[in-house]
Undergrad: 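Structure incoming, see below.
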Amino acid sequence: MTDASARATLPSADPDAERLAALGYTSEFKRDMSLWANFSLGFTYLSPVVGVYTLFASSLQTAGPPMVWSFLIAGLGQLLVALVFSEVVAQFPVAGGVYPWARRLWGRTWGWLTGWVYLLALMSTIAAVSYGAGPYVAVLLGVEPSTATTVWCALGLLALATVINLGGTRVLSAAAMFGFAAELLGALAVGAWLLLTHRYHGLGVVFDSFGAGGDGNYADAFLAAGLIAVFLFFGFEACGDVAEEVPDPGRQIPKSMRRTIYVGGAAAIGVSLALVMSIRDIGAVVSGDDKDPVAAVLHDAFGAAGARVVIGVVLISFLSCVLSLQAAASRLAYSFARDRMIVGSRLLATVSDRLRVPPYALLLAAALPGVIIVGASALSEGALTKIISFSSIGIYLAFQMVVLAALRARLRGWRPSGDFRLGRWGLAVNIGALVYGVAAIVNICWGRTPDAAWYDDYLVLLSAVVVLAAGGLYLLLARPHLRGDAPSGDATAGGATAGGATSGGSTSDGSTSTDGPARRRS
């Protein structure tokens, strides 16, 4: 069947299907996700409440109130990354996000390795968010928090998210929008109440470290505390993971990505400021005497009953975040499997005829995080921080692999041709995004506990090296990137159209690129 005859079988009134066919695929999803639902997916994945409530205490103890400035730095850096991603997804609106983007920008090998890193990082992030919710679930249920109860509560939250995700795109969209509304309204209500009735400090407190960092270099303490912002400012890429479920994705998804950064960042800064200004004794937090300032503030400001209501809203945020993460991870696994790039491709690429979701990919996005939760809690007392650190380094590595691929493609002649373009600012934004991302990766990996064993001090760096080495070894031995006939490396192959397709040619890794007919159902 020729390209022309394949496309002729598509409904002439469906430009999204025609565009996807020009990119080499026929979608099995329904485009049931509106612009606001897509934005809500990215917002609940970024989740300012989850990001702040998970690491607020440790960051405040490490650097004091000035740690709030890290949100501005990370927000601006990740906005540059989001702008690069917006150009790419506008030209290649394919399910799976960073994997197909890297594949089209550079080639099959680079695309596979990017997808490998991102998939493992997503699974780790799902585990981190579920584990971070455990203590709040325990408090809400009136159970004494412990490692065992945290693990069981985390697994329960993970199971609930999986059941909701299996309901289909419309259920996911509704849950994401409900989670967005609950989180934003809850953050605004809690923040306003704290500032009006429970404020002990003025805005000047963000310039007072309260002795954090000790006698050493305060910059080191500030950079270490910046993990809270690094962990917060991703999630916008999830808007592109579901590109085949959004109408007019080339226009809508770039809007959703930018809104996720703007609204999510503003909400995170607002929540952090409200909490900092409402803590009676910040010095006690910095010294380590007050180990749970968030719970103390909520209890003092709202009372026992009110604090439970607030914690309930916080848990909705955690659940919505896990839902969005699972959706992103499952679509990535599906995209990998559709191109026959992963073990178990036949199952993972299966889409339910009734619900139009990949059920086995969703189950994978529940089982693997569950194993990480149980394993990490058994091996390390500081399981949450270790999981979060690896999640952040994995996500940032995958992001920068796409940013680097985009910069390479741009220098080799790629001119973005989708509905969103940066024009003459593209090269500068791309370079800025890469500089920020590399600096953030160095900061995440930097060893800051010299008294610990070297392998524990550099555990994040070692875990990143292990993941990359394992992926490289698997590539060398099994050569999964050579399977299938999905297009690759065609961003700079010449003759790119607005749809991002070419009529064939050599890819950047030596394989033959072809758009071929509309992709068969997997």
Undergrad: So does Arg338 pair up with Glu28, basic N to acidic O under 4.0 Å?
TA: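 Looking at Glu28 together with Arg338, the answer is no, because their closest N to O distance does not fall below 4.0 Å.
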
Undergrad: Does the side chain of Val403 come within less than 4.5 Å of Asn430's, by heavy atoms?
TA: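 Contact flag for Asn430/Val403 side chains = yes.
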
Undergrad: Should Cys445 and Ile393 count as side-chain neighbours, where that means a heavy-atom distance under 4.5 Å?
TA: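 Cys445 reaches Ile393 side chain to side chain.
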
Undergrad: Are any non-hydrogen side-chain atoms of Tyr474 and Pro480 less than 4.5 angstrom apart?
TA: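 Sidechains of Pro480 and Tyr474: in contact.
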
Undergrad: Within this structure, what is the CG-CG distance for the pair Leu35 and Asp248, rounded to the nearest 0.5 Å?
TA: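 Between atom CG of Leu35 and atom CG of Asp248 there are 10.0 Å.
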
Undergrad: So which heavy atom on Ala90 is nearest to which on Gly250, and how close?
TA: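 What the structure gives for the nearest pair is CB-O, 3.6 Å.
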
Undergrad: Can you see which heavy atom on Gly179 is nearest to which on Thr44, and at what distance?
TA: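 That would be C-CG2, 3.9 Å.
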
Undergrad: Using a strict threshold of under 4.0 Å (side-chain N to carboxylate O), is an ion pair present between Asp241 and Arg331?
TA: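 Result for this pair is no, no salt bridge flagged.
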
Undergrad: Going from CG on Leu120 to CE on Met123, what distance comes out if it is rounded to the nearest 0.5 angstrom?
TA: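 So the CG of Leu120 and the CE of Met123 are separated by 8.0 Å.
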
Undergrad: Pairing donors with acceptors under 3.5 angstrom, does anything connect the side chains of Ser47 and Ser317?
TA: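 No, no side-chain donor-acceptor contact under 3.5 Å.
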
Undergrad: Just checking, Arg259 and Trp36: is the charged tip under 6.0 Å from the six-membered ring centre and within 45° of the axis?
TA: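 Yes; both conditions hold, so Arg259 lies above the ring face of Trp36.
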
Undergrad: Counting only N and O atoms by type, is there a donor-acceptor contact under 3.5 Å from the side chain of Thr350 to the main-chain atoms of Leu347?
TA: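 Indeed, once roles are kept as given, a pair shorter than 3.5 Å links the two residues.
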
Undergrad: May I have the step-by-step check of side chain to side chain contact (heavy atoms under 4.5 Å, CB included) for Leu155 and Val374, ending in yes or no?
TA: CA-CA 9 Å; Leu155 294 177; Val374 174; 4.2 Å; yes

Undergrad: Would you please classify the geometry between the Phe231 ring and the Phe234 ring as parallel, tilted or perpendicular, with 30° and 60° separating the classes?
TA: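 Plane angle over 60°, so perpendicular.
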
Undergrad: Can you check ring-ring contact (aromatic ring centres under 6.0 Å, His included) on Phe399 and Phe85, steps first, answer last?
TA: CA-CA 9 Å; Phe399 277 20; Phe85 283 10; 5.1 Å; yes

Undergrad: Would you mind reporting whether Thr150 and Tyr131 have side-chain heavy atoms less than 4.5 Å apart?
TA: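 Sidechains of Thr150 and Tyr131: in contact.
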
Undergrad: If we ignore hydrogens and angles and just use 3.5 Å, is the side chain of Trp414 paired with the main-chain N or O of Leu407 as donor and acceptor?
TA: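 No; zero donor-acceptor contacts below 3.5 Å.
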
Undergrad: Apply side chain to side chain contact (heavy atoms under 4.5 Å, CB included) to residues Leu227 and Ser59 and explain how you reach the verdict.
TA: CA-CA 8 Å; Leu227 180 61; Ser59 292; 5.6 Å; no

Undergrad: Taking atom types as modelled and ignoring hydrogens, do the side chains of Ser320 and Glu183 form a donor-acceptor contact shorter than 3.5 angstrom?
TA: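 Side-chain D/A pair, Ser320 to Glu183: absent.
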
Undergrad: Which heavy atom in Leu325 sits nearest to a heavy atom in Ile126, and how many Å separate them?
TA: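 Scanning both residues completely, I find the closest heavy atoms to be CB-CG1, 3.5 Å.
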
Undergrad: Parallel, tilted or perpendicular for Trp69 and Phe207, by the 30°/60° rule?
TA: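 Tilted.
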
Undergrad: Kindly indicate, with the supporting measurements, whether the criterion side chain to side chain contact (heavy atoms under 4.5 Å, CB included) is fulfilled by Val271 and Leu275.
TA: CA-CA 6 Å; Val271 169; Leu275 288 172; 4.0 Å; yes

Undergrad: Drop me the distance from Phe71's CZ to Leu273's CG, to the nearest 0.5 angstrom.
TA: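 Result: 9.0 Å between the selected atoms.
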
Undergrad: Has Gln78 got a side-chain atom pairing as donor or acceptor with Phe233's backbone, closer than 3.5 angstrom?
TA: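 Indeed, once roles are kept as given, a pair shorter than 3.5 Å links the two residues.
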
Undergrad: Any chance you could measure Thr162, atom OG1, to Leu323, atom CG, to the nearest 0.5 Å?
TA: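 So the gap between those two atoms works out to 8.5 Å.
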
Undergrad: Judged by modelled atom types alone, do Tyr45 and Glu237 share a side-chain donor-acceptor pair under 3.5 Å?
TA: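 Yes, a side-chain donor-acceptor pair sits under 3.5 Å.
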
Undergrad: I want to check something: taking the side chain as every heavy atom from C-beta on, are Met257 and Leu83 in contact at a cut-off of under 4.5 Å?
TA: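 In short, these two side chains do not touch, never coming nearer than 4.5 Å.
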
Undergrad: Does Ser272 reach the main-chain N or O of Ile269 with its side chain, forming a donor-acceptor pair under 3.5 Å?
TA: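 Between the backbone of Ile269 and the side chain of Ser272 there is no qualifying donor-acceptor contact (under 3.5 Å).
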
Undergrad: With the side chain counted from C-beta on, respond yes when Leu348 and Ile342 share a heavy-atom pair under 4.5 Å apart, and no when they do not.
TA: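 The answer is yes; the side chains approach within 4.5 Å.
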
Undergrad: Considering only heavy atoms from C-beta outward, does the side chain of Pro48 approach that of Leu46 to under 4.5 Å?
TA: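 Heavy-atom side-chain distance check passes, below 4.5 Å.
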
Undergrad: Determine whether the aromatic ring centres of residues Tyr53 and Phe318 are separated by less than 6.0 angstrom.
TA: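 No, they do not, as the ring centres are separated by 6.0 Å or more.
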
Undergrad: Rounded to the nearest 0.5 Å, how far apart are CZ of Arg108 and CG of Leu475?
TA: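 Result: 11.5 Å between the selected atoms.
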
Undergrad: Would you say the side-chain atoms of Asn38 pair up with the backbone N or O of Ser256, donor to acceptor, closer than 3.5 Å?
TA: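 Flag not set: sc Asn38 to bb Ser256 has no pair under 3.5 Å.
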
Undergrad: Ring centres under 6.0 Å, that's the criterion: do Phe29 and Tyr334 meet it?
TA: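 For Phe29 and Tyr334, the ring centres are under 6.0 Å apart.
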
Undergrad: Output yes when a side-chain donor or acceptor of Arg103 lies under 3.5 Å from a complementary backbone atom of Trp110, and no otherwise.
TA: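 Answer holds: no.
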
Undergrad: Can Glu87 and Arg415 be counted as an ion pair, charged N to O under 4.0 angstrom?
TA: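 Looking at Glu87 and Arg415, the cut-off is not met.
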
Undergrad: Ala349 and Ala337: which non-hydrogen atoms are nearest, and at how many Å?
TA: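 Minimum heavy-atom contact is N-CB, 3.6 Å.
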
Undergrad: Look up atom OG in Ser124 and atom CG in Leu119, then write down how far apart they are to the nearest 0.5 Å.
TA: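 The OG atom of Ser124 sits 11.5 Å away from the CG atom of Leu119.
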
Undergrad: Please report the C-alpha distance between Val351 and Val357 in whole Å, then the side-chain angles of each, then the deciding distance to 0.1 Å, and finally whether the side chain to side chain contact (heavy atoms under 4.5 Å, CB included) criterion is met.
TA: CA-CA 5 Å; Val351 174; Val357 295; 5.9 Å; no

Undergrad: Spell out, as yes or no, whether a donor-acceptor pair under 3.5 Å connects the side chain of Thr62 to the backbone of Ala224.
TA: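 Judged by distance alone, no pair lies under 3.5 Å.
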
Undergrad: Taking Asp419 first and then Lys255, would you say they form a salt bridge - that is, a charged N and a carboxylate O separated by under 4.0 Å?
TA: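 No, this pair does not count.
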
Undergrad: Could you pull out the closest heavy-atom pair between Ser417 and Gln91, with the gap in Å?
TA: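 Taking Ser417 first and Gln91 second, the nearest heavy atoms are N-OE1, 3.0 Å.
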
Undergrad: Test ring-ring contact (aromatic ring centres under 6.0 Å, His included) on Phe43 and Phe236 and set out the steps.
TA: CA-CA 7 Å; Phe43 180 92; Phe236 54 87; over 10 Å; no

Undergrad: Step through it carefully: locate the ring centre of Tyr99, locate the ring centre of Tyr118, and say whether they are under 6.0 Å apart.
TA: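 Judged by ring-centre distance (under 6.0 Å), Tyr99 and Tyr118 do not meet the cut-off.
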
Undergrad: Got more than 12 heavy atoms from elsewhere within 6.0 Å of OH, Tyr360?
TA: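 Check fails, neighbour count at 12 or below.
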
Undergrad: Quick check: do Ser488 and His481 have side-chain heavy atoms less than 4.5 Å from each other?
TA: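 Heavy-atom side-chain distance check fails, nothing below 4.5 Å.
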
Undergrad: How close do Pro65 and Leu60 get, heavy atom to heavy atom, and via which atoms?
TA: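 Closest approach of Pro65 to Leu60, heavy atoms only: N-CD1, 3.5 Å.
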
Undergrad: Counting distance only, does the side-chain N/O of Ser330 pair as donor-acceptor with the main-chain N or O of Leu362 below 3.5 Å?
TA: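 Side chain of Ser330 to backbone of Leu362: no pair is present.
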
Undergrad: Would the distance check show the side chain of Asp339 and the main-chain N or O of Met341 forming a donor-acceptor pair, the cut-off being under 3.5 Å?
TA: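 No; judged by distance alone, with no hydrogens or angles, the pair does not exist.
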
